[in-house]
Amino acid sequence: MAAGAHRRQMAVFLAAALFLAAVLLLQAANAADAGVTSKYRRKLEATVDMPLDADVFRVPPGYNAPQQVHITLGDQEGTAMLVSWVTPNELGNTTVMYGGAPDRMDMQAQGIHTRYDYFNYTSGFIHHCFLKNLKHSTKYYYAMGFGHTVRAFSFTTPPKPGPDAPIKFGLIGDLGQTFDSNATLSHYEANGGDAVLYLGDLSYADHYPLHDNNRWDTWARFVERSVAYQPWIWTAGNHELDYAPEIGETAPFKPFTHRYPTPYRAAGSTEPFWYSVKLASAHVIVLASYSAYGKYTPQWTWLQDELANRVDRNATPWLIVLVHSPWYNSNSYHYMEGETMRVQFEQWVVDARADLVLAGHVHSYERSHRVSNVAYDIINGKSTPVRDPRAPVYVTIGDGGNVEGIANNFTEPQPAYSAFREASFGHATLDIKNRTHAYYAWHRNQDGAKVVADGVWITNRHWMPTNDDGDTTH
Ligand SMILES: *[C@@H]1O[C@H](CO)[C@@H](O)[C@H](O)[C@H]1NC(C)=O
Ligand SMILES: *[C@@H]1O[C@H](CO)[C@@H](O)[C@H](O)[C@H]1NC(C)=O
Ligand SMILES: *[C@@H]1O[C@H](CO)[C@@H](O)[C@H](O)[C@H]1NC(C)=O
Ligand SMILES: *[C@@H]1O[C@H](CO)[C@@H](O)[C@H](O)[C@H]1NC(C)=O
Ligand SMILES: *[C@@H]1O[C@H](CO)[C@@H](O)[C@H](O)[C@H]1NC(C)=O
Ligand SMILES: [Fe+2]
């Protein structure tokens, strides 16, 4: 073979090799970037409600004993707590006694009470009591039921809002009251958090004929073991609507609003369904998927004002948005339902450099990359989500384990915005360490509570606006 031909052959070979290497590199880069649809397959078994005589639904002993005790924040600063409970037999005493030790509950607050009818159901006596002027990061003991059966509980107030105040949130959505729900709650308890950000859909009582409101009572007895001891922040879901004109129940959210008060007035809101609270270094905004949010509506006006005038990232660097119906969801279940709200509010959330938008509704788990889809207008036609370091991470955590079962039909192929998705029940925790770092971890119920099935270090958008989030653990 002539030397010239050989050289030419070598050159062709080298070019081919270089091309191949480039292709491989590109593929590797794509693989690192591509989303993961978890290969984990849960055993598909029936998801059934725990029976009425299950241990978790047990009525506390004693005449007119307070039951369904739950607390939520009472103000924006963490110096007030709203305590609620139900007495079954008679009104009884609406006073809460509280103090710094079990034998020193020397302060008292007077509550109010309410009841409601739902078709042929009549609720017990629902008490709400506002404890105010509490100290931050302080353990309080509290008791109610004086005159008949007294029950006592305790909670620790959150730290004073401040840029480096740590806090660990539990993230739970669509819990319901099945055996799986009980596993989710047990795992959350084992992982330990300071407060729960609840993403909506509580009891699923509306799954029963006539929306059997006794299932609102059983749900509240079931979760008492956590929510009597730490505040849960409530988001309203579609299963809170209880809108049933066929049986004459036309006032939406009737059971929910009677049972679960929120501190909306302290947040300048006019309805209990959208509001905000500050917890340690987090400013948490709760939005309402099932209340009007179009331009000029009360929710729209409130959110505009909230983002412009009340969010202070120097004081509370973590901006977290809760909403029931997800804006980014690649499951065929409830596909695109959150789209109109995304169109309405996504630009604001990106401009505000929100850290996380958490949602429920879809009974599966999904976490997005930092993406936005705000370039679209009706003329330019740009409607593909793009990577955007200014944008929040979207998490769908409607996987609490309710009676409707798992949403196991993801759209294919996995869209580029989706980082990780899995059709399993579970819960997540968000462990805020300081102004720059938080560790986010999702736990599937089939594993021990400590196993992290999807974990990522999240960096704060205010203090580290261009920083990539850390590596993920699967
Ligand atoms: C629910 O979970 C708790 C705590 O793990 C357990 O004690 C209880 O027996 C469970 N109840 C049911 C009905 O599974
Ligand atoms: C309710 O209980 C509190 C605390 O024991 C007591 O001070 C108050 O007088 C009681 N109220 C009524 C109406 O019995
Ligand atoms: C309500 O009506 C349903 C259906 O007629 C019936 O099964 C149930 O026992 C009634 N409940 C009460 C409290 O009357
Ligand atoms: C799964 O979702 C696709 C749409 O993405 C739909 O066409 C299909 O019918 C669904 N399959 C099942 C079993 O629900
Ligand atoms: C914030 O927490 C992270 C994770 O624990 C740590 O690496 C970092 O050094 C902390 N930053 C400051 C300023 O303390
Ligand atoms: Fe829902």
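All ligand and atom numbering here is 1-based and tracks the order in the structure. Here the structure is a predicted model, which is why all the values come from computation and not from measurement.
If you check which protein heavy atom lies closest to atom 1 (C) of ligand 2, you get Asn93 ND2, 1.5 Å. Annotation: atom 13 (C) of ligand 1 to nearest protein heavy atom, Asp55 OD1, 3.3 Å. Among all protein heavy atoms, the one lying closest to atom 7 (O) of ligand 2 is Gln108 NE2, 3.5 Å. Closest protein heavy atom to atom 14 (O) of ligand 1: Asn182 ND2, 3.1 Å. Remark: minimum distance from atom 4 (C) of ligand 1 to any protein heavy atom is reached at Ser186 OG, 3.5 Å.
With 3.5 Å as the limit, one finds no donor-acceptor pair spanning the side chains of Glu422 and Thr37. No hydrogens or angles considered: nothing links the side chains of Thr429 and Asn191 as a donor-acceptor pair under 3.5 Å.
Closest to atom 12 (C) of ligand 5 by heavy atom, among Asp164, Asp431, Asn434, is Asn434.
The presence of a protein heavy atom under 4.0 Å from atom 9 (O) of ligand 5 is ruled out.
If you look at Tyr439 next to ligand 5, there are no close heavy atoms at all, none under 4.0 Å.
Of all atoms in ligand 5, listed by their number and element, those nearer than 4.0 Å to a heavy atom of Trp457 are 4 (C). Under a 4.0 Å criterion applied to the non-hydrogen atoms of Met97, ligand 2 contributes the atoms 4 (C). For ligand 1, the atoms closer than 4.0 angstrom to any heavy atom of Val56 are 1 (C), 11 (N). Listed by number with element, the atoms of ligand 1 under 4.0 Å from a non-hydrogen atom of Phe179 are 13 (C), 14 (O).
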TODO: Might you work through the side-chain hydrogen bond (donor to acceptor under 3.5 Å, both in side chains) test for Thr459 and Arg461, ending with a clear yes or no?
DONE: CA-CA 6 Å; Thr459 51; Arg461 286 306 92 180; 2.9 Å; yes
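A salt bridge does not link Arg221 with Asp55: every distance from a Lys NZ or Arg NE/NH1/NH2 to an Asp or Glu carboxylate oxygen is 4.0 Å or more.
Below 3.5 Å of separation, one finds no N or O of Lys433 facing any N or O of ligand 5.
Side-chain N or O atoms of Asn329 include one that pairs as donor or acceptor with a backbone N or O of Tyr333 at under 3.5 Å. Between the side chain of Ser364 and the backbone N or O of Ala407, at least one donor-acceptor pair lies under 3.5 Å. The closest donor-acceptor contact from the side chain of Gln177 to the backbone of Ser203 lies under 3.5 Å.
In summary, of the residues considered (Leu175, Asp49, Val56), a side chain to side chain contact (heavy atoms under 4.5 Å, CB included) with Trp219 occurs for Leu175 alone.
Around CZ of Arg225, the count of heavy atoms belonging to other residues, nucleotides or ligands within 6.0 Å exceeds 12.
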